[in-house]
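Here the structure comes first, spelled out in structure tokens, and everything after it is commentary.
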Number of protein chains: 2
Amino acid sequence: MNVMNASPRRKELTRLAAQLFVQEGFDRTTVRMLAQEMGIKSGSLFHHFKDKQEILAAVIEEGTQNALMIARKALDECAAEPEVRLRAMARAHLETLFTDRNAHVVALFEWRRLDPAASAHLSHLRDAYEALWVAVIDDALEAGLIHGDRFLVSRFVLGALNWTVRWYDPSGPRSPDDLADELVAMIMPTSA
Amino acid sequence: MNVMNASPRRKELTRLAAQLFVQEGFDRTTVRMLAQEMGIKSGSLFHHFKDKQEILAAVIEEGTQNALMIARKALDECAAEPEVRLRAMARAHLETLFTDRNAHVVALFEWRRLDPAASAHLSHLRDAYEALWVAVIDDALEAGLIHGDRFLVSRFVLGALNWTVRWYDPSGPRSPDDLADELVAMIMPTSA
DNA sequence: AGAGTAACCAAGCAAGCGCTAGTGTAAATG
DNA sequence: CATTTACACTAGCGCTTGCTTGGTTACTCT
């Protein structure tokens, strides 16, 4: 059963599961499909994960942990000016969104399939991440860089960024950093 | 079988289906659940719809048709200034998003469950709606109201608006019109 | 060499799935 | 009056689902 460990094998299986969940959706992905993709039989799957739910939780946890780490690192490494920090945060968001794309698409669109216990646990991680955003937005507001309600601005910005997974093609001419910079420019009158 | 008619009975059933699809997700909603919610037995369902897929298509078609009608009416009724039109479009978007909430949530998050034929047909409707947006954004850009790439701006704005279904509470203090105005203000430096 | 353990497999169960076939009935239509 | 149409029912087929069981292999550690 292997409760909640982080063996390298399990990590690899989680990565494959994320890919399938994105391709087919969580509900349409059967344990037999997962097993085949992993090169094992469906019964063997339950040696690594207690049940299908736990696979979903593992995928989302992995992605959210990574997002949190990358954002913290980005903020640590950049200057103190609110404008720089805002741009850094937007860049970090898109960076993690597209290097860890599968996990994040699952987190964004399959969250509701989590059972209440897993959802509660993972909500804390998610809240920690959003708190970083709100702090950066607050500083930008206070510095007069942007205007509006702190709550609304952060929701709008996060919405615009998250929605990119629906249309952005990383193989196109624009880099994720370009996208982040354009969004920040769009909401920042002074940089026009 | 009742191919593709629009009887009042079928319209009501479509409305109920939309609600269930939002609550449970399309895949988790069984034909037996749908039938029970409609007060009939599961076998009777297939008198109104050819199969489960057709119910999904009916829900999405209904919502998208409404959105298109409301947006066209809003643009017809308002002045010609780009700023007014931009605000009107944003307001119309949120109005339809929350009066017809169930259908739109399904359209946004269950689109991929459509079979290719239905998807192709409904894509045309959706493209017609997005064309309205791009035209309005183009005018606003040309008038110097906003700045940036036309493609990116419309994607960001639509993303921010669509994402509201994830956090906005219509019973709260803010009206959808407030939301629309705040978003437009956020991206329009001159109105600060 | 022997013990322990992680990883796997074949087989299958109980439940639930979308959907079909065939029938009954009341209202509209010729 | 006879027929059609719309809507609902019962019963169940054929299949897939998540998950369990009981056992085997391969590797590591003492």
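FYI, side chains are in, hydrogens and waters are out, and symmetry mates aren't considered; it's all heavy atoms of this structure. If you're wondering where the values come from, they're calculated on a predicted model, not measured in any experiment.
- For Asn162(A), the side chain to side chain donor-acceptor pair (under 3.5 Å) criterion is met by His93(A), not counting sequence neighbours.
- Within residues 17-24 of chain B, no residue has a heavy atom under 4.0 Å from DNA chain C.
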Every protein N/O within reach of nucleotides 16-22 of chain D N/O, cut-off under 3.5 Å:
unit_1, atom_1, unit_2, atom_2, d
dG18(D), OP1, Thr29(A), O, 3.4
dG18(D), OP1, Lys52(A), NZ, 2.9
dG18(D), OP2, Val31(A), N, 3.0
dG18(D), N7, Arg32(A), NH1, 3.0
dG18(D), O6, Arg32(A), NH2, 3.0
dC19(D), OP2, Lys52(A), N, 2.8

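- In this entry the distance linking NE2 of His47(B) with C1' of dT25(C) reads 13 Å, nearest Å.
- Applying the salt bridge (Lys or Arg N to Asp or Glu O under 4.0 Å) rule to pairs touching residues 157-185 of chain A yields Arg91(A)-Asp177(A), Arg91(A)-Asp181(A), Arg174(A)-Asp149(B), sequence neighbours excluded.
- A salt bridge is absent between Arg85(B) and Glu81(B); no separation between the charged side-chain nitrogens and carboxylate oxygens falls under 4.0 Å.
- Side-chain nitrogen and oxygen atoms of His48(B) include at least one within less than 4.0 Å of the OP1 or OP2 phosphate oxygen of dA8(D).
- Dashed line: the shortest gap from a side-chain N or O of Arg10(B) to OP1 or OP2 of dC7(D) is not under 4.0 Å.
- Contacts classified as salt bridge (Lys or Arg N to Asp or Glu O under 4.0 Å) and involving residues 97-115 of chain A (residues at least two apart or in different chains) are given here: Asp27(A)-Arg113(A).
- The distance between atom CG of Leu45(B) and atom P of dA8(D), rounded to the nearest whole Å, is 10 Å.
- Residues Trp167(A) and Phe151(B) are in side-chain contact: their nearest non-hydrogen atoms beyond the backbone lie under 4.5 Å apart.
- Rounded to whole Å, the distance from CD1 on Ile55(B) to C1' on dG18(C) is 11 Å.
- Going from atom CE of Met38(B) over to atom P of dC7(D) covers 13 Å, rounded to whole Å.
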Could you pull out all donor-acceptor pairs under 3.5 Å where a side-chain atom in residues 32-40 of chain B meets a protein atom, sequence neighbours excluded?
none

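- Salt-bridge check for Arg15(B) with Glu12(B): passed, with a basic side-chain N closer than 4.0 Å to an acidic carboxylate O.
- The residues Glu54(B) and Arg10(B) are annotated as salt-bridged, a charged nitrogen and a carboxylate oxygen being separated by less than 4.0 angstrom.
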